[in-house]
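Let me begin by presenting the structure, written as structure tokens, before commenting on it.
Bear in mind the structure is a predicted one, so any value in this text is a computation, not a measurement.
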Amino acid sequence: MIKKTSIIFILFFIFLGSLGTGVVEAKSEKTLQYEKFKDLKMNSSVESVAKVIYGKKYKKELCEEEKDIDLLCYDYMEAHNKRYKNKKIRYYNYTFKFFPGYDSVSEKLEYRMNLRFKSKDDSKVLKLVEKKWEDFDTLNTHDVYNNKKIKTGMTATQLDKIMEDKGIGPYEAVRYKDYSKVGYQTGDKKPVFYEQYKTLYYTVMSQDWSTLYKFRMEYDYKKKAYDVVYVLRFG
């Protein structure tokens, strides 16, 4: 009887443990979407990106725009392709948006994930050159001391010294760009093959809420540090 009771208790605690694990491991839809965003490799093909986003069913989400070009079959897609005067495509440039969400600031439907694919001149090979994630629910409570100002060129350490609490607080958006393989260009300009960089977007208030700052920080891969590259001040 003692042995049987002990076994029952052991099984009961194992069951409770499994329930606890399930609760801990449960992830929100937004978290799962963000994990897919993080898993996307820069300069990946359209097919590789589809595998990350859609899993085993990715082939059903690929549409052939024209011979040898696969695109994501998605509701929101913009083409920014550039043509020669004879109407032939010079380079391909597509933007896709995923994971709709309500933006309480703009009071309209926005998309959390934005992707851009581009090819080289006279090529049909598309590469992932930009990816951006926006979180409409982010609220940064790390206010700026009233007599301090955010300026371009400031480091994360310098920002930390003029803000309440430790650090800068959560960013509301992050963007990666990498045109090292296909080159960045607008219109008829020659491509510029610059390396990858990462940008963080923030919105913070002053302590008395009289001033709002919107600023961007760019990661310097050589210095391995972030610097403020752009600031807007309201109030």
Side-chain angles (χ1 to χ4, degrees), residues 30 32-101 110-135 171-201 216-224 226 229-230:
K30 186 175 69 174
L32 293 172
Q33 291 169 351
Y34 184 61
E35 288 178 353
K36 290 181 179 180
F37 170 81
K38 291 193 298 182
D39 288 341
L40 295 176
K41 306 295 184 184
M42 301 306 294
N43 289 300
S44 294
S45 66
V46 174
E47 183 176 349
S48 296
V49 169
K51 288 180 181 179
V52 173
I53 297 175
Y54 297 109
K56 295 179 180 179
K57 299 179 180 180
Y58 77 94
K59 289 185 178 180
K60 294 181 180 180
E61 303 298 334
L62 293 174
C63 296
E64 193 173 82
E65 176 75 0
E66 59 177 89
K67 190 177 181 180
D68 300 328
I69 294 186
D70 282 331
L71 293 178
L72 296 167
C73 303
Y74 194 69
D75 292 341
Y76 194 101
M77 187 272 283
E78 292 179 353
H80 312 275
N81 301 332
K82 180 60 183 176
R83 298 178 181 271
Y84 291 107
K85 291 182 180 180
N86 62 5
K87 305 300 180 182
K88 178 186 175 184
I89 293 287
R90 175 174 174 175
Y91 58 84
Y92 293 88
N93 197 337
Y94 293 98
T95 298
F96 297 89
K97 295 187 178 183
F98 297 85
F99 311 141
E110 297 288 356
Y111 291 86
R112 297 188 188 281
M113 188 167 76
N114 292 259
L115 306 179
R116 174 164 289 206
F117 294 86
K118 185 181 175 296
S119 72
K120 287 184 177 180
D121 278 348
D122 303 311
S123 173
K124 292 184 177 182
V125 180
L126 291 169
K127 297 289 185 182
L128 179 63
V129 291
E130 294 187 32
K131 67 172 186 175
K132 184 178 181 182
W133 174 266
E134 297 186 70
D135 193 339
Y171 56 80
E172 61 191 31
V174 56
R175 182 196 294 272
Y176 294 81
K177 290 187 178 182
D178 189 347
Y179 285 87
S180 60
K181 304 298 182 184
V182 300
Y184 175 83
Q185 57 197 129
T186 56
D188 296 321
K189 293 182 179 180
K190 293 183 178 180
V192 179
F193 296 86
Y194 57 74
E195 296 295 327
Q196 176 176 328
Y197 68 87
K198 176 183 178 182
T199 307
L200 301 178
Y201 297 73
R216 299 199 300 258
M217 299 195 77
E218 193 171 298
Y219 186 72
D220 188 318
Y221 283 86
K222 292 182 180 179
K223 295 193 301 181
K224 295 184 178 180
Y226 286 98
V229 293
Y230 181 80

Beyond-backbone contact of [X] with [Y], side-chain heavy atoms, under 4.5 angstrom:
X	Y	value
K131	V49	no
I69	I89	no
E130	Y179	yes
N43	L128	no
L71	F96	yes

Exercise for review: Name all pairs fulfilling the salt bridge (Lys or Arg N to Asp or Glu O under 4.0 Å) condition that reach into residues 32-55, sequence neighbours left out, sorted by first residue then second.
Suggested key: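 Every pair satisfying salt bridge (Lys or Arg N to Asp or Glu O under 4.0 Å) with a residue in residues 32-55: K27-E35.
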*asked:* Does anything in residues 77-100 form a salt bridge (Lys or Arg N to Asp or Glu O under 4.0 Å)? List the pairs, not counting sequence neighbours.
replied: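 Residue pairs with at least one partner in residues 77-100: K82-D188, R90-D121, R90-D188.
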What is the distance from atom [atom1] of [X] to atom [atom2] of [Y], rounded to the nearest 0.5 Å?
X	Y	atom1	atom2	result
S180	Q196	OG	CD	8.0 Å
Q33	F99	CD	CZ	4.5 Å
L40	I53	CG	CD1	5.5 Å
T95	Y76	OG1	OH	8.0 Å

Exercise. Are Y94 and F117 close enough that their ring centres sit under 6.0 Å apart?
Worked result: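 That pair fails the under 6.0 Å test.
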| message | Y219: which residues meet the side-chain hydrogen bond (donor to acceptor under 3.5 Å, both in side chains) condition with it, sequence neighbours left out? | response |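 So Y219 forms no side-chain hydrogen bond (donor to acceptor under 3.5 Å, both in side chains) with any residue.
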Just to verify, what does Y111 make a side-chain hydrogen bond (donor to acceptor under 3.5 Å, both in side chains) with, not counting sequence neighbours?
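Not a single residue meets the side-chain hydrogen bond (donor to acceptor under 3.5 Å, both in side chains) criterion with Y111.
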- Task: Please report the shortest heavy-atom distance between N81 and N93, naming the atom on each side.
- Result: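 Minimum heavy-atom contact is OD1-N, 2.7 Å.
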Minimum-distance pair of heavy atoms, taken over all atoms of K120 and V182
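Heavy-atom minimum between the residues: CG-CA, 3.6 Å.
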* Set of residues satisfying side chain to side chain contact (heavy atoms under 4.5 Å, CB included) with respect to E218, sequence neighbours excluded ->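 Testing E218 for side chain to side chain contact (heavy atoms under 4.5 Å, CB included), a comparison that skips the adjacent residues, returns Y197, T199, V229.
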* All side chain to side chain contact (heavy atoms under 4.5 Å, CB included) counterparts of E61, not counting sequence neighbours ->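 Testing E61 for side chain to side chain contact (heavy atoms under 4.5 Å, CB included), a comparison that skips the adjacent residues, returns Y54.
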- Under 3.5 Å, is there a donor-acceptor pair linking the side chains of K198 and Y226?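 The answer is yes; a qualifying pair exists.
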**Study point:** Side-chain H-bond candidate by donor/acceptor type, Y34 with R112, under 3.5 Å
**Key:**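 Absent: no donor and acceptor within the cut-off.
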task: Hey, can you tell me if W133 and F37 have their rings parallel, tilted or perpendicular (30° and 60° cut-offs)?
output: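 Geometry flag for F37 against W133: tilted rings.
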